[in-house]
Amino acid sequence: MMKRIMLVCSAGMSTSLLVSKMEKAAEARELDVKIFAVSEAESGRYLDEVDVMLLGPQVRFLLKKMLKKVEGKGIPVEVIENIDYGTMNGEAVLTRALALLSSSEQQ
């Protein structure tokens, strides 16, 4: 079953390179995932279509707001590590997203 990973940033643009790197990492692992980036303003319309939400470090202040938005939906939300975001480490961010998915499915 396809897993859907949404990255949220201020304009949905700065994360697009990270999305590409994550997609390459997923392809190399032959994973069935959909990864996409949106702005904070757009994020609400995708809540019924995502399995995990990752916030760019520049919007970490939105964490509480986003946790409230997904309350009761079982969608894990986390801020991407600064070092992984800064180095555009798609492999590490994908691995973390999958770990969040795995732990939420076990609950």
Side-chain angles (χ1 to χ4, degrees):
M1 189 169 124
M2 183 186 344
K3 299 298 180 190
R4 298 151 307 176
I5 303 167
M6 178 170 71
L7 278 58
V8 179
C9 70
S10 46
M13 305 245 257
S14 56
T15 50
S16 59
L17 179 59
L18 184 55
V19 167
S20 298
K21 301 251 182 174
M22 290 173 71
E23 287 173 337
K24 282 185 181 140
E27 201 175 293
R29 294 198 217 174
E30 298 181 2
L31 296 173
D32 189 15
V33 293
K34 176 182 180 190
I35 306 163
F36 62 101
V38 297
S39 68
E40 183 255 332
E42 294 176 297
S43 63
R45 78 172 73 142
Y46 296 100
L47 295 183
D48 292 330
E49 303 169 26
V50 298
D51 299 301
V52 65
M53 180 190 306
L54 298 175
L55 305 180
Q58 72 277 30
V59 293
R60 70 174 53 250
F61 64 91
L62 295 172
L63 183 59
K64 283 183 182 173
K65 179 181 179 180
M66 292 304 186
L67 286 168
K68 200 170 192 99
K69 273 187 174 185
V70 301
E71 206 168 359
K73 293 184 181 284
I75 301 170
V77 181
E78 190 172 277
V79 177
I80 299 168
E81 291 289 331
N82 278 329
I83 190 73
D84 293 334
Y85 191 87
T87 58
M88 291 287 141
N89 188 338
E91 181 70 41
V93 178
L94 177 64
T95 297
R96 184 63 193 142
L98 296 173
L100 286 168
L101 280 167
S102 178
S103 66
S104 76
E105 288 169 352
Q106 291 172 6
Q107 291 179 359

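Not measured: the values here are computed from a predicted model.
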Trainee: Would you please test Val79 and Tyr85 for side-chain contact (heavy atoms from CB on, under 4.5 Å) and show each step?
Mentor: CA-CA 10 Å; Val79 177; Tyr85 191 87; over 6 Å; no

Trainee: In Å and rounded to the nearest 0.5 Å, what is the CD1 to CG distance from Ile5 to Leu101?
Mentor: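 So the gap between those two atoms works out to 6.0 Å.
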
Trainee: Within the side chain of Ser102, is there an N or O that forms a donor-acceptor pair under 3.5 Å with the backbone of Leu98?
Mentor: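 It does not hold such a pair.
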
Trainee: Which one of Glu71, Glu78, Glu40 satisfies the side chain to side chain contact (heavy atoms under 4.5 Å, CB included) criterion with Met66?
Mentor: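 The side chain to side chain contact (heavy atoms under 4.5 Å, CB included) with Met66 is passed solely by Glu40 among Glu71, Glu78, Glu40.
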
Trainee: Testing Asp51, Val70, Leu54, Val52 one by one against Pro76 for a side chain to side chain contact (heavy atoms under 4.5 Å, CB included), which residue passes?
Mentor: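 Among Asp51, Val70, Leu54, Val52, the one that satisfies the side chain to side chain contact (heavy atoms under 4.5 Å, CB included) with Pro76 is Val52.
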
Trainee: Is there side-chain contact between Leu47 and Met53, with heavy atoms separated by less than 4.5 Å?
Mentor: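 Leu47 reaches Met53 side chain to side chain.
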
Trainee: Just how far is it from atom CG of Leu18 to atom CG of Leu7, taken to the nearest 0.5 Å?
Mentor: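 It is 5.5 Å, given to the nearest 0.5 Å.
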
Trainee: With a 4.5 Å heavy-atom cut-off, do Val38 and Arg45 have their side chains touching?
Mentor: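 They are not in contact (no side-chain heavy atoms under 4.5 Å apart), so the answer is no.
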
Trainee: Would you say Glu42 and Met6 make side-chain contact, with heavy atoms under 4.5 Å?
Mentor: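 Glu42 does not reach Met6 side chain to side chain.
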
Trainee: Are Arg96 and Glu81 within salt-bridge range, i.e. N to O under 4.0 Å?
Mentor: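 The answer is no: the pair does not qualify as a salt bridge.
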
Trainee: Spell out, yes or no, whether Val8 and Phe61 are grouped together once hydrophobic residues are joined by side-chain heavy atoms under 4.5 Å, including indirect joins.
Mentor: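 Hydrophobic grouping puts Val8 with Phe61.
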
Trainee: Answer yes or no: is there a side-chain heavy-atom contact under 4.5 Å between Ile35 and Leu94?
Mentor: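 When only atoms from C-beta onward are counted, Leu94 and Ile35 do touch, with a gap below 4.5 Å.
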
Trainee: Between Glu91 and Ala25, what is the shortest heavy-atom contact and its length?
Mentor: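 Heavy atoms of Glu91 and Ala25 come nearest at OE1-CB, 3.3 Å.
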
Trainee: Any chance you could lay out the side-chain contact (heavy atoms from CB on, under 4.5 Å) test for Val33 and Met22, step after step, and finish with the verdict?
Mentor: CA-CA 10 Å; Val33 293; Met22 290 173 71; over 6 Å; no

Trainee: Check Ser39 against Ser10 and note the closest heavy-atom contact, atom names and distance.
Mentor: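 The answer is CB-O, 3.5 Å.
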
Trainee: When you measure from the side chain of Glu49 to the backbone N and O of Tyr46, does any donor-acceptor pair fall under 3.5 Å?
Mentor: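 Not a single qualifying donor-acceptor pair exists.
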
Trainee: Step by step, would you call Thr95 with Arg29 a side-chain contact (heavy atoms from CB on, under 4.5 Å)?
Mentor: CA-CA 11 Å; Thr95 297; Arg29 294 198 217 174; 2.5 Å; yes

